[in-house]
Structures are given as C-alpha cells and as structure tokens.
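Letters A, B, ... are given to chains in the order of the sequence lines, protein chains preceding strands, and every chain is numbered from 1. Treat the numbers as computed from the prediction; the structure is a model and nothing was measured.
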Amino acid sequence: MSYNFKAEMNKPERLAPGHRMCAGCGGTIAVRAVLRALHEGDKAVIGNATGCLEVSTFMYPYTSYEDSYIHNAFENAGATMGGVETAYNVLKRKGKIKDDYKFITFGGDGGTYDIGFQSLSGAMERNHDFVYVCYDNGAYMNTGIQRSSATPMYADTTTTPVGSQSNGKMQNRKDLASIIAAHDVPYVGQSTLLGNFKDLHTKAEKAIYTEGACFLNVMAPCPRGWRYPTEDIMEICKLGVETCYWPLFEVDHGKWILNYEPKKKLPIEDFLRPQGRFKHLFKKGNEDLIVQFQEEVDRRWEELQFKCSR
Amino acid sequence: MAVRERLSGNEAVSYAIKQVNPDVMPAFPITPSTEIPQYVANYIANGEMDTDFIPVESEHSSMSATIGASAAGARALTATSSCGLALMWEELYVAASNRLPLALCLVNRALSGPININCDHSDSMGARDTGFIQIYAENNQEVYDNFIQAYRISEHKDVRLPIMICQDGFITSHAVENIELLEDDKVKNFVGEYEPENYLLNASQPMSLGPYAVSNYYMETKMAQNTAMQNAKQVILEVGKEFGEVSGRSYGFFEEYRLDDADYALVMIGSAAGTTKDAVDALREQGIKAGLLKLRVFRPFPDEEIAAALKNCKAVAIMDRCEGFRGKGGPLGAEVKAALYDHAKDVKAFNLIYGLGGRDFTVEEAEEIYKALQAYDKEGKPFAEYRYIGLRG
Amino acid sequence: MAATDITKITEKSSWQDITEGNQIYAAGTSRLFNTGEWRTQTPVFHSEKCKQCLLCVPVCPDSSIPVCESKREDFDYDHCKGCGICAKVCPFDAISMKEGQ
C-alpha cells in the first residue's frame, strides 16, 4: 500500500461540494481523505450518525455522496451499518446481488464517544466487516459546542463555561481509540489532518481493506468551537501531534504501533495558545492549570510509548 | 394437506418466520418474546432456514439494524416486548418515515414500573402513532396466519410501511394450543420473493436515505406516509381474502362474533376475546342479545367499518387493556368513541379498563359488563364508566 | 428505477411530488446548491506561481479545487466558502486571499 500523493489527488471526488458545513470545517476534510482511500471503482455504502456532517451533507433533496448513504439516528450508526453489512452478506450468499461493497460509517464525537457508544461497542464486538470513523472535534458542535467525553480538560464549552468559579471542563477526555482496541478488533488507527495526508490515507485504506470491524479516530478541528481563524487548521493539527496531545498510532491485530515520535516534543502551550477555548489558561494565576494539562499529556504519552514498545 | 400441530404462540410465529425465511433478523431477548429469537437461532443452527441472525446488544440496536438491513434491500424483522419496544421508540418512527417494509413480532407486555412481565397492551398502544401497521391476534392460529400475511401487506407498492404483528404475552405466547399450519411451498408461494425497487445495494443506482428535511418538506412527507397507511386498508382486505383462499381462514379488520343482531356489544383486542365469546354464548342462552367486536387491525384504524358494525347496538363497552391517563379511559375507547361520534352518534358507548399487568379477565366479569349495559338500556341504571375490572378496593 | 431529478423537487412541490420516504436515487446532487455566496473573502489562484504540488487539494473542506490530469485548475467559485486554508498551506504563494466575493 504505497502512497502516491499525485495519483490520489487525481481520483474522482467522492464527497460532492454544495454541502452546508461551515467554512474551514475539519470534518469534511477528514471525510474526503477517508473516502479517497477507497480504491477507484469499488462500491461503498456510507453511514452517518446524526450531527453536523449529516444535517449538512444530506439536506433533502441535496446529497453530497457519490455512493449509497444511510443516516438513521444519533446513537445507532454502528448498529445501522451492522444491519446493512449483514444484509449484504445474506443477499450475496443468496445470489441476489453481484457487486462487492465496502462499508464506512462516520460519526462525530457526540455520536461516537457518548450517545452512540453502546451501539458502536456492540457492532465492534460482533466484528461486522465495516469501518467506523469518528471525526473528533471534541464537543457537540452541531447543537452549539456542548462538552462531550472527548472534550479535553479545561476547555471552555457552552455547558462547561469558564466563569469566576469555573475553569471549564473538569474531567480529562476519554481515550476512545484504546477502548475500541480493547474490543480486540482487527484494526484501530488514530490520525489527524497532516501535510500530504499520508498518515490518514494509509490508515483509512488499511481499515477499509482489513476484514472485520475497524475503527479510526480522526482529530478534526472545528474553527467555531475551538475558536481559531479558519485558515489555521493544518497548523493546529500539526501542533496537536508535535505536543503529543494527539499521538499518531495504530493497533493492528493487537500490536500497538507508534507512527510518529516528535524529535523535540513541544510544550502543550503551543497547542493550547492558538485556541480561544483555552484562553483563560493563559491568564495570570492559572499557570498551574497548564502544568496539570501538561502532566496529563505526558502521562498518556508515556503509557502509549510503553504499549508500543512491547 | 394442512399440518395439524400443537404449538405455543411464540412457536407458531417462529414457525411462520422459518417458512417465510426472511434475510436478516436482529433481536435482543426480553420476556415474553425471548423464545422467538431462540427458536429462529435454533432453526438457523440446524440448517432449517438461511436467515442471518444478529445478536445485538439492545432493542434500540435491533430496530436500528433491522432498518439498516431493510434499507440495504433485505427482508428483515425483529421481535420484542414491553420495555424493548419502548427503547426502540424513535426508531419506530424512522422505520415508518423511511418507508421500510420491515416486520416486528411483538409479544404484548405491560410497561415498567413496577416491572411486570405479564400481558397488557400499553407497549403497542403507546406505539400506535409511530406509523407502523398494527395487527393483533386472539390466539396462536391468528398470530401464525397474521405473520404469513405480514410482508404481503407491508411490501405492497401502495403501502411500503413497517408492520407490527402482535400477540398477548404468556396468554398466547406461552399457551400451547392446537394449530393448523400451511405447507412450506404454500407459504413460499403466498408470500413470494422480495424484490425491492430501491435499496442501498442496488449497483445501478446509488441511493441516499434519512435526510434532514426543512419544514417546507416535512408536512408533505407526512401526508405521503398517511396516504400509504390509508392505502393499507384495501391491501389488508385483499391479502386477508387471498389468504382465506389458500388456508380456509379469511381475515378482515375485525371479527364480529354474534354481533349481527346484538343489542349489547363489547369491543376488545386480543386473547380476552376468547373469554368474552364464552360469556356471549352463555348470555345468548339466557335470551340476552350479546355480541363481540374483536378488533384485529388497529393501524390503519377502520373507523367507518367499526361504526357500521356497531350501529344497531343499544349500548357498547369498549375494553382497553391499557391505561391512557387522560382520566377518561384508554386509547381504544377514545378512538372507537370518535368513530361512533362521526358515523353512529346514537350508539351509547362506555370505556372500561381491564387486564393490566396480566390481571385475569373472567367469563363472569364479561357477563357482568353485558348485564350492566342491559340495565343501563332497559332500566336507565347509570353505567359506571371508566372503571377497572377486577380491581380490589 | 429512474434516477431522481432533484430539480423537480422544490420547497413548493406538492406532497405527491416528494420522493417516497425522502429517498434520493442520485449521486452528488448537492452540486446544484451554491455555497459560493457564503464567502466573505475569496482565494485567487496565481497559476504562474503554482508548481502543481497539489498540497492545497486535500485541505479544502468543500472539494472546490478541481484536479485534471494531475494539475489543479482554478477554484470552483460556486462552492468555495473562502476559508483560506489552501492559501495558508501553499508553499509558493500561488494563492492569495482578497476581501469579498
């Protein structure tokens, strides 16, 4: 699976423009990258949990999908695609359909980490042959930036507002990629939007063409929720990786692999500073909050390094 | 020749599922419907059918996966009861609004709380406005027959709506009764192959399903759905008649038991109709013109037909196995009274509640209700409406 | 089944003309919806500076940088929302942002 960037950019687009996602949205950049990993000519059914992506890419009668697409509800993208994939197996066996299909479902962190977690866990455990892709922007952006279990500690959201008695969200984010890896599925990958997209592309291709339930967790910044100028998205993603806030790793048939180790790990301030949701951390007197944030990043990074060194 | 057997309601509907041999069945266990996925899983394990069973982790997921499978182009179904149906709630609406002809075998059970595993109709009655077709049964034979007819109704091009095949928990689901089964080839011929026009896995045309629709589309969408539900009336009658030609047992919207010349009638759904028929027979011996309307089809609601069947009655008691908490009775009472108001204003109708959480309903209780209707009619004795039958205190 | 002609479905359509179950039998129909008018700033492509590295192509959230035979073409202004990500990632200053449409 070598990566030929120019050849990939030459492929026909599988997410049509004209959708209503915000200018600068990280979600659709992630979706485009994942769909690009489908081999040309291969058929697919795309699933979607309710969220920004769904209400913006299939607003009746405008669909942005070149492939068949199903949205059911917020909390059941896993189960829904499990049903589609099972139907495919039966109809194929009974000779009612001839073509090969791949199955890819997208959900935001709300539909994936939280309300759709049970459905996802069930579908992963049953090992349906599909890929679940979480485009993780760390809050419920569609309903107006409420905290989720993917929201990092101290983020200012509309349900964890910063105030005289509050420094934002009080809890650490849930490590969903590790939780899904614990389901013993064939493949889990964590990635984000970087450079020529080799990392995300390679992981998406592996996930799509590995038999069984596969999971991708893709950090996909939201300029409105994170409060940064839209054009800065690629820089922010890079800082997420260089500070080890969002490490690039995969768990391939149980083997933990670290895909990138920064030569010089940057301090977490570099990731936090450009984002308005962390502005309060840079006020005088809040230095210890950043220290705590750094400690948590370090702890998780060391744990990941340990898992990947075995 | 038809096959004579002795089966429980759950066995009967499972046997019908085996004969229909659908493509996909996701299900999650809940008393008293648990046996249905168990029987199906066993048929599959022994090579007697080639359905794919998905052992999902909840009822919400069972309906979600059934929707996915149906959208993909498969003939799909699930089974549940009570809280399981309640957990599927939003998905029932999605299945109907997406116009997916899937089936749900419901074994009626009371809703929590308190937790209670026995029969009443609060689960399916709560789901009456979801857009599902709802067909009820008195006994195992009817459950079997109803399931054989299910896909013919739901998949009809003028309908394309999901269908709920209901039976009473334990009373029907677990009681073993004599039954007449159709031969496999007869079922196969009657039901036919499923050939959907539009489905996700149609290689010649991609399809998008489940959009966000702004208010300028929403009401139009609902009217189309409502029209399909109205179309279902004719289809239900045609399929019920054709089934009669195959089996010798025809079906309509309801059964009229000695209702033709009845002065006093009960209207009810499900297994208690058997009890009430005994009361009707006993009262007829005493010269009281008692009759029964046993409703089979609750959605679409055959309001004109019900009113026409009851129009010559002097007094009617509508029996709800479900509390509506409106302070005046249950949903069947409200809908039958509305039908009478529109089409047979002179018929006096009362609403009673019975059988909640599996409370027995006896022949004697049924007889008393008929006698109270007669006392109201003949002696002007006030009829105590909206009371619980068999309640202590 | 014939493909859905979505140009026949509008917010003025009668209920009989809405597709059954709101199903759409067609691909990529959102192309017919113009999001270009959302722009408050607009990218300008300077082809003479472009080295065709294509790094701007995958970062576009709106699939608005068409590629033909390994070469990017001018922007799809019917859909570009003017986020400016492409201009920021261009290593050769071949994209500049101007105010307005």
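- Atom-to-atom distance recorded for Ile70(A):CD1 and Ile67(B):CD1 is 7.5 Å, nearest 0.5 angstrom.
- Contact of the Val90(A) side chain with the Thr51(B) side chain is not registered, since no non-hydrogen atoms from C-beta on lie closer than 4.5 Å.
- Only the backbone of Pro22(B) comes within contact range of chain A, with heavy atoms under 4.5 Å apart.
- The closest side-chain heavy-atom distance from Ile54(B) to His128(A) is below 4.5 Å.
- Heavy atoms of Glu85(A) lying under 4.5 Å from chain B are absent altogether.
- Heavy atoms of Ala71(B) lying under 4.5 Å from chain A belong exclusively to its side chain.
- Heavy-atom contacts from other residues, nucleotides or ligands closer than 6.0 Å to CZ of Arg126(A) number more than 12.
- When heavy atoms are compared at a cutoff of 4.5 Å, Phe74(A) does not approach chain B at all.
- Atom CE of Met207(B) is separated from atom OH of Tyr65(A) by 15.5 Å, given to the nearest 0.5 angstrom.
- Side-chain contact between Gln118(A) and His60(B) is absent, with no heavy atoms from C-beta onward closer than 4.5 Å.
- Inter-residue side-chain proximity for Asp67(A) and Pro206(B) is flagged as unmet; no heavy-atom pair is nearer than 4.5 Å.
- Contact check for Leu209(B) versus Tyr69(A): no side-chain heavy atoms found under the 4.5 Å cut-off.
- Inter-residue side-chain proximity for Arg93(A) and Asp50(B) is flagged as met; some heavy-atom pair is nearer than 4.5 Å.
- The minimum heavy-atom distance linking Gly210(B) with Phe58(A) is given by the pair N-CE2, 3.8 Å.
- With a 4.5 Å cut-off on non-hydrogen atoms, Val55(A) touches chain B through its backbone and its side chain both.
- Not one N or O on the side chain of His71(A) forms a donor-acceptor pair closer than 3.5 Å with the backbone of Pro211(B).
- With a 4.5 angstrom heavy-atom cutoff, Val94(B) touches chain A only via side-chain atoms.
- Here the straight-line distance linking atom OG1 of Thr86(A) with atom CG of Asp52(B) works out to 6.5 Å at 0.5 Å rounding.
- For Tyr88(A), the parts lying near chain B are the backbone and the side chain together; criterion is any non-hydrogen pair under 4.5 Å.
- Neither the backbone nor the side chain of Thr66(B) comes within contact range of chain A, judged by heavy atoms closer than 4.5 Å.
- A donor-acceptor contact closer than 3.5 angstrom is absent between the side chains of Glu57(B) and Ser121(A).
- Atom OH of Tyr93(B) is surrounded by more than 12 heavy atoms from other residues, nucleotides or ligands within 6.0 Å.
- In this structure, Thr80(A) contributes its side chain and Ala65(B) its backbone to no donor-acceptor pair below 3.5 Å.
- Looking at Asn216(B), neither its backbone nor its side chain comes within 4.5 Å of chain A, counting heavy atoms on both sides.
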Note to self: Pair Glu195(B), Lys96(A) - check side chain to side chain contact (heavy atoms under 4.5 Å, CB included), show working.
What the structure shows: CA-CA 9 Å; Glu195(B) 279 159 11; Lys96(A) 288 188 173 179; over 6 Å; no
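- Of the two parts of Lys98(A), neither the backbone nor the side chain holds a non-hydrogen atom closer than 4.5 Å to a non-hydrogen atom of chain B.
- At a 4.5 Å heavy-atom cutoff, the contact between Leu91(A) and chain B is made by side-chain atoms alone.
- Between Asn98(B) atom CG and Asn72(A) atom CG the span is 7.0 Å, to the nearest 0.5 Å.
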